[in-house]
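Written out below as structure tokens is the structure these notes cover.
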Amino acid sequence: MQDKIEKLRALKLLFVEDEDDLIEIISDTLDKLDTNYLTAKNGEEALKIIEENPDLSMVITDINMPVMNGLEMIEELKKRDINLPIIVMSAHTEIEYINKAKDLGVNDYLLKPFDFIKFINLIVSLDRSN
């Protein structure tokens, strides 16, 4: 697991989530692992961060958020030809959300609540810098 944590530390992640409790849990865990990450509370904020950080490794996003939801943000990234690995994390189990995310080319879909070890393994496996 230590080698995966080292790989995780080499990445720059963007978490797009509007639930403060979940942001706090993720942030606390990633801080303990000494991980480089940014957070945004909606898709619009995320797009600005992505434009300002061309060195981002990956985007992990919720679906339901105010201002611009995760799927709208992903559509906008595709229009702008920004090609980052994307993980959608959501409590939505409805097939239409999963299918829409797949149609947009997301790399994976995690259901909340998720296992953090599986989450780290997924992030490391999607890293394109290897």
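By the neighbour-count criterion of 12 heavy atoms within 6.0 Å, atom NZ of K48 is sparsely surrounded, having that number or fewer from other residues, nucleotides or ligands. Counting heavy atoms of neighbouring residues, nucleotides and ligands inside a 6.0 Å radius, atom NZ of K102 does not exceed 12 of them.
A donor-acceptor pair under 3.5 Å is absent between the side-chain atoms of D62 and the main chain of S90, judged by distance alone. At least one donor-acceptor pair under 3.5 Å links the side chain of E72 to the backbone N or O of N69.
Taken to the nearest 0.5 Å, the CD atom of E17 stands 10.0 Å off from the CG atom of N64. Taking CE from M89 and CD from E19, the interatomic distance works out to 8.5 Å, rounded to the nearest 0.5 Å. We find the CD1-CG distance between I26 and D21 to be 11.0 Å, quoted to the nearest 0.5 Å. Atom CG in L47 sits 7.0 Å away from atom CD1 in I82 (nearest 0.5 Å). In this structure, CG on L104 lies 10.0 Å from CE on M73, to the nearest 0.5 angstrom. Summarising the geometry, atom NZ belonging to K7 is positioned 9.5 Å from atom OG belonging to S125; distances are rounded to the nearest 0.5 Å.
Under the ring pair (Phe, Tyr, Trp, His ring centres under 6.0 Å) criterion, F119 pairs with F15, F114, F116, not counting sequence neighbours.
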Begin with the C-alpha distance, continue with both residues' side-chain angles, and end with the deciding distance and a verdict on side chain to side chain contact (heavy atoms under 4.5 Å, CB included) for K12 and N53. CA-CA 9 Å; K12 186 173 184 180; N53 292 275; 2.7 Å; yes

Worked check of side chain to side chain contact (heavy atoms under 4.5 Å, CB included) between L56 and I50: CA-CA 7 Å; L56 278 175; I50 291 166; 3.7 Å; yes

Checking I60 against I123 for the side chain to side chain contact (heavy atoms under 4.5 Å, CB included) test, could you report, in this order, the C-alpha distance in whole Å, the side-chain angles of both residues, the deciding distance, and whether it holds? CA-CA 9 Å; I60 300 103; I123 290 170; 4.3 Å; yes

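I5 and L122 fall within the same hydrophobic cluster, where Ile, Leu, Val, Met, Phe, Trp and Tyr residues are linked whenever their side-chain heavy atoms come under 4.5 Å apart, directly or through other members. There is a path of hydrophobic side-chain contacts, each under 4.5 Å, that joins L111 to V88. When hydrophobic clusters are built by joining Ile, Leu, Val, Met, Phe, Trp and Tyr residues whose side-chain heavy atoms come closer than 4.5 Å, directly or via intermediates, M68 is not grouped with I23. There is no path of hydrophobic side-chain contacts, each under 4.5 Å, that joins L30 to I25.
Annotation: side chain of L126 is in contact with side chain of I87 (closest heavy-atom distance under 4.5 Å). N83 has its side chain within reach of K78: a pair of non-hydrogen atoms, C-beta onward, lies under 4.5 Å apart. N121 is listed as a side-chain neighbour of K4, based on a closest heavy-atom distance under 4.5 Å. Within the 4.5 Å cutoff, side-chain heavy atoms of I120 are placed close to those of L33. With contacts defined as side-chain heavy-atom distances shorter than 4.5 Å, the pair D18/N42 does not qualify. A heavy-atom distance below 4.5 Å is found between the side chains of L77 and I86. Taking the side chain as every heavy atom from C-beta outward, D28 and E24 approach each other to under 4.5 Å. Put simply, the side chain of M58 does not reach to within 4.5 Å of the side chain of L14, judged on heavy atoms.
Ion pairing between E75 and K100 holds under the 4.0 Å rule for side-chain N and carboxylate O. For R80 and E76, the salt-bridge test passes: some basic side-chain N is under 4.0 Å from an acidic carboxylate O.
The nearest pair of heavy atoms linking T39 to S27 is CG2-OG, 4.4 Å.
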